[in-house]
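Each residue takes its place number in the sequence, starting with 1.
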Amino acid sequence: MPAAPELISPRSPRVAAARRLARRNFRGKERLFLAEGPQAVREAAAHRVDGAATLVELFATVEAAERYADIVVDARAAGARVHLADEEVIADISTTVTPQGLVGICRFLDTPFEEILAARPKLVAVLAHVRDPGNAGTVLRCADAAGAEAVVLTDASVDLYNPKAVRASVGSLFHLPVAVGVPVEAAVQGLKDAGVRILAADGAGEDDLDDELDKGTMGGPTAWVFGNEAWGLPEETRALADAVVRVPIHGKAESLNLATAAAVCLYASARAQRASGGCRSVTDS
């Protein structure tokens with residue numbers, strides 16, 4: 001039997017390079033990012049961009065490599081270099097308090113905005129001024145769950161590849177096209193030109209989500225624009241939308257957080273589009 005691979009040294013240049021990916025400027029220079037934990041690494045190992053594997057390198061503790069042997073097999077099948085490492089090395093690379101023993105290095109996978117428009121999407125989430133990486137990742141996860149066909153992060157939003165955003169997406173980053181760095185005006189105009197109705201989500205919106213559903217106006221192609229967690233959408237962004245919609249508060253809560261409001265809005269559109277007369281059939285996945 002072949003000898004087991006040696007543990008990679010904490011002083012290895014590979015470890016140092018992985019550690020630097022926690023910084024945005026280094027991620028941008030190398031066009032690589034970190035994916036931590038079994039779910040993210042599993043999805044990364046299965047993901048391809050133009051036929052090229054997204055996962056290029058994997059660091060795993062001996063225990064994690066045994067527990068998630070299938071992921072290690074998939075990583076090797078994808079052509080990724082696999083390094084066994086002790087817990088100290090994983091903790092050094094990881095950006096979490098309690099690492100799960102697997103850290104992958106992945107190629108950037110964002111999609112050009114023009115390709116998203118060419119696909120004529122029916123449901124899109126636009127993160128116009130979202131600065132918190134955890135919220136950005138969670139909205140991406142909600143968009144994936146609701147069946148959205150794309151997510152757009154404008155140039156005023158957080159870095160898609162921030163480790164916290166990647167973790168919060170829980171693998172959804174690898175499931176649907178995401179465009180990054182698009183100016184909000186260009187994002188809105190491009191989607192309008194593609195026949196998509198623009199709805200700005202705002203707690204002070206003139207239109208009520210329940211009323212929009214009752215009027216039957218949400219069955220067509222729709223893009224929801226979400227704003228900053230604390231102060232919502234600026235007036236100039238609200239003015240770009242076809243309607244500014246609030247999620248009704250029927251109880252005594254002061255407001256909904258961004259990710260919760262995004263989930264409500266996206267699922268409302270998904271339901272309307274799948275209803276009779278909407279732009280999707282009830283058999284669509």
Side-chain angles (χ1 to χ4, degrees), residues 8 14-15 17-61 64-65 68-85 90 93-96 99-116 118-119 121 125 127 133-134 136-145 148-153 157-182:
I8 192 169
R14 300 307 315 150
V15 173
R19 186 189 309 120
R20 288 196 292 270
L21 292 175
R23 303 202 299 268
R24 182 172 186 170
N25 62 340
F26 196 79
R27 290 195 297 272
K29 178 182 177 182
E30 300 295 325
R31 289 194 59 80
L32 297 170
F33 70 99
L34 298 174
E36 300 184 39
Q39 179 63 19
V41 173
R42 180 180 286 109
E43 299 292 345
H47 191 267
R48 302 288 186 277
V49 176
D50 296 329
T54 297
L55 182 68
V56 297
E57 204 159 357
L58 174 63
F59 296 83
T61 63
Y68 305 109
D70 60 320
I71 297 178
V72 174
V73 169
D74 290 345
R76 289 195 169 111
R81 290 173 290 182
V82 177
H83 308 290
L84 292 182
I90 297 298
I93 298 172
S94 174
T95 61
T96 63
Q100 294 178 274
L102 294 174
V103 181
I105 296 179
C106 306
R107 293 187 177 95
F108 276 17
L109 43 70
D110 43 282
T111 300
F113 184 51
E114 295 73 19
E115 289 187 18
I116 288 175
L127 281 65
T138 303
V139 173
L140 199 158
R141 183 184 183 186
C142 292
D144 180 21
E149 290 148 324
V151 173
V152 177
L153 278 81
S157 285
V158 70
D159 176 22
L160 171 67
Y161 302 111
N162 180 295
K164 187 175 180 181
V166 176
R167 287 197 304 276
S169 81
V170 196
S172 287
L173 172 63
F174 303 99
H175 293 168
L176 73 173
V178 183
V180 300
V182 185

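- With rounding to the nearest 0.5 Å, the separation of OG1 in Thr61 from CG in Leu102 is 6.5 Å.
- Within the model, atoms OG of Ser169 and CG of Leu160 stand 8.0 Å from one another, a figure rounded to the nearest 0.5 Å.
- Annotation: Arg27, atom CZ; neighbour count of heavy atoms from other residues, nucleotides and ligands within 6.0 Å is above 12.
- Note: Asn162 CG to Ser157 OG = 12.5 Å, rounded to the nearest 0.5 Å.
- Among residue pairs with one or both ends in residues 105-116, those qualifying as side chain to side chain donor-acceptor pair (under 3.5 Å) are Asp110-Tyr161; sequence neighbours excluded.
- Among all heavy-atom pairs drawn from Ala35 and Val41, the shortest one is O-CG2, 3.5 Å.
- Inter-residue side-chain proximity for Pro99 and Thr96 is flagged as met; some heavy-atom pair is nearer than 4.5 Å.
- Atoms CG and CZ, from Leu55 and Arg81 in turn, are 10.5 Å apart once rounded to the nearest 0.5 Å.
- Here the closest heavy-atom approach between residue Ala18 and residue Phe59 is recorded as CB-CE1, 3.9 Å.
- With contacts defined as side-chain heavy-atom distances shorter than 4.5 Å, the pair Val152/Leu127 does not qualify.
- Contact check for Glu36 versus Gln100: no side-chain heavy atoms found under the 4.5 Å cut-off.
- Checked against side chain to side chain donor-acceptor pair (under 3.5 Å), Asp74 has no partners two or more places apart in sequence or in another chain.
- Between the CG atom in Leu173 and the CG atom in Leu140 there is a gap of 6.0 Å [rounded to 0.5 Å].
- Among all heavy-atom pairs drawn from Leu84 and Ala65, the shortest one is CD2-CB, 3.8 Å.
- Within the model, atoms CZ of Arg167 and OG1 of Thr95 stand 4.0 Å from one another, a figure rounded to the nearest 0.5 Å.
- Note: Phe174 and Phe33 have parallel aromatic rings, judged against thresholds of 30 and 60 degrees for the angle between ring planes.
- Annotation: side chain to side chain donor-acceptor pair (under 3.5 Å) contacts involving residues 43-54, sequence neighbours excluded, comprise Gln39-Glu43, Glu43-His175, His47-Thr54.
- The two residues Phe26 and Ala17 have their closest heavy-atom pair at CE2-O, 3.6 Å.
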